[in-house]
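Below is one structure, written out as structure tokens; comments come after it.
As a basis for the values below, the full set of heavy atoms in this structure was taken, side chains included, without hydrogen atoms, waters or symmetry mates.
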Amino acid sequence: MKCNNIWIIGVPEGEEREQGIENLFEEIMTENFPNLAKELDIQVQEAQRVPNKRNSNRPTPRHIIIKMPKVKDKERILKAARERKLVTYKGTPIRMSADFSMETLQARREWQEIFKVMKNKNLQP
């Protein structure tokens with residue numbers, strides 16, 4: 001099952017208070033992907049900052065999760081971000097990535113150990 005969420009990493013705290021997260025996402029899209037923003041007619045279903053789970057005194061800004069109504073829109077946005085390689089918000093580099101479920105992340109962690117062992121034995125996966 002595919003998830004229709006996008007993670008935005010690196011947007012400074014407080015930016016969303018002035019204009020709202022939905023408008024912030026639209027601004028990022030028009031700044032970095034003007035043709036795609038016009039073509040897709042981007043609609044945000046839900047947007048929020050993620051709470052700090054580990055360390056609340058951490059100096060890095062919290063991530064933003066954008067929930068899109070269509071998975072295909074999310075995939076096109078992420079593909080354009082990968083092709084562009086440098087996505088910015090007001091000149092500051094940010095990252096956009098897919099939001100994975102906890103099951104997917106756990107499976108990746110488990111496979112990482114297997115890949116390390118295979119790499120040490122010079123075996124190809």
Side-chain angles (χ1 to χ4, degrees):
M1 185 172 127
K2 293 187 177 183
C3 188
N4 56 347
N5 295 344
I6 297 177
W7 281 78
I8 301 178
I9 304 163
V11 176
E13 292 274 348
E15 292 286 327
E16 72 277 2
R17 290 186 196 117
E18 299 171 6
Q19 56 190 1
I21 296 177
E22 291 87 0
N23 293 335
L24 183 115
F25 180 66
E26 288 179 20
E27 187 176 328
I28 290 169
M29 290 301 296
T30 54
E31 180 180 337
N32 293 287
F33 319 108
N35 296 335
L36 189 64
K38 291 176 189 172
E39 184 181 318
L40 285 180
D41 185 34
I42 297 168
Q43 298 173 353
V44 176
Q45 199 169 7
E46 185 181 340
Q48 64 184 12
R49 283 265 186 194
V50 179
N52 286 333
K53 290 184 179 179
R54 296 206 172 126
N55 185 0
S56 60
N57 296 327
R58 181 171 98 174
T60 58
R62 297 176 294 155
H63 305 321
I64 296 174
I65 295 182
I66 305 290
K67 186 172 184 177
M68 306 292 292
K70 298 178 186 173
V71 174
K72 289 190 178 205
D73 289 349
K74 176 202 86 163
E75 289 173 349
R76 288 185 67 189
I77 291 168
L78 292 176
K79 182 179 178 186
R82 279 191 302 271
E83 289 172 357
R84 181 158 179 178
K85 295 185 181 169
L86 182 65
V87 180
T88 60
Y89 172 69
K90 294 184 179 177
T92 306
I94 61 170
R95 291 185 321 175
M96 296 177 90
S97 68
D99 180 25
F100 297 110
S101 68
M102 293 307 292
E103 294 84 21
T104 304
L105 294 174
Q106 183 62 35
R108 283 187 176 188
R109 282 189 209 105
E110 291 169 0
W111 277 101
Q112 281 306 112
E113 296 300 320
I114 295 169
F115 287 140
K116 284 180 186 177
V117 171
M118 292 177 80
K119 188 175 180 181
N120 288 339
K121 293 183 179 184
N122 292 325
L123 299 173
Q124 295 296 322

Minimal non-hydrogen separation, [X] against [Y], with atom names:
X	Y	result
Ile9	Ser97	CD1-OG, 4.1 Å
Ile94	Ile28	CD1-CD1, 3.8 Å
Leu86	Asn32	O-OD1, 4.2 Å
Ala98	Lys74	CB-NZ, 4.2 Å

Could you give the distance from [atom1] ([X]) to [atom2] ([Y]), rounded to the nearest 0.5 Å?
X	Y	atom1	atom2	answer
Lys72	Glu75	NZ	CD	8.0 Å
Asp73	Ile6	CG	CD1	8.5 Å
Met68	Asn5	CE	CG	10.0 Å
Glu27	Tyr89	CD	OH	4.5 Å

Check whether any side-chain heavy atom of Phe25 sits under 4.5 Å from a side-chain heavy atom of Met96, and report yes or no. yes

Does Ile64 reach the side chain of Trp7, with side-chain heavy atoms less than 4.5 Å apart?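 Answer no - side chains too far apart.
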
Is the CZ atom of Arg84 crowded by more than 12 outside heavy atoms at less than 6.0 Å?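 Atom CZ in Arg84 is packed in, count exceeds 12.
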
Take atom NZ in Lys90; do more than 12 heavy atoms of anything else shown fall under 6.0 Å from it?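 Yes - once you tally the heavy atoms of other residues, nucleotides and ligands closer than 6.0 Å, there are more than 12.
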
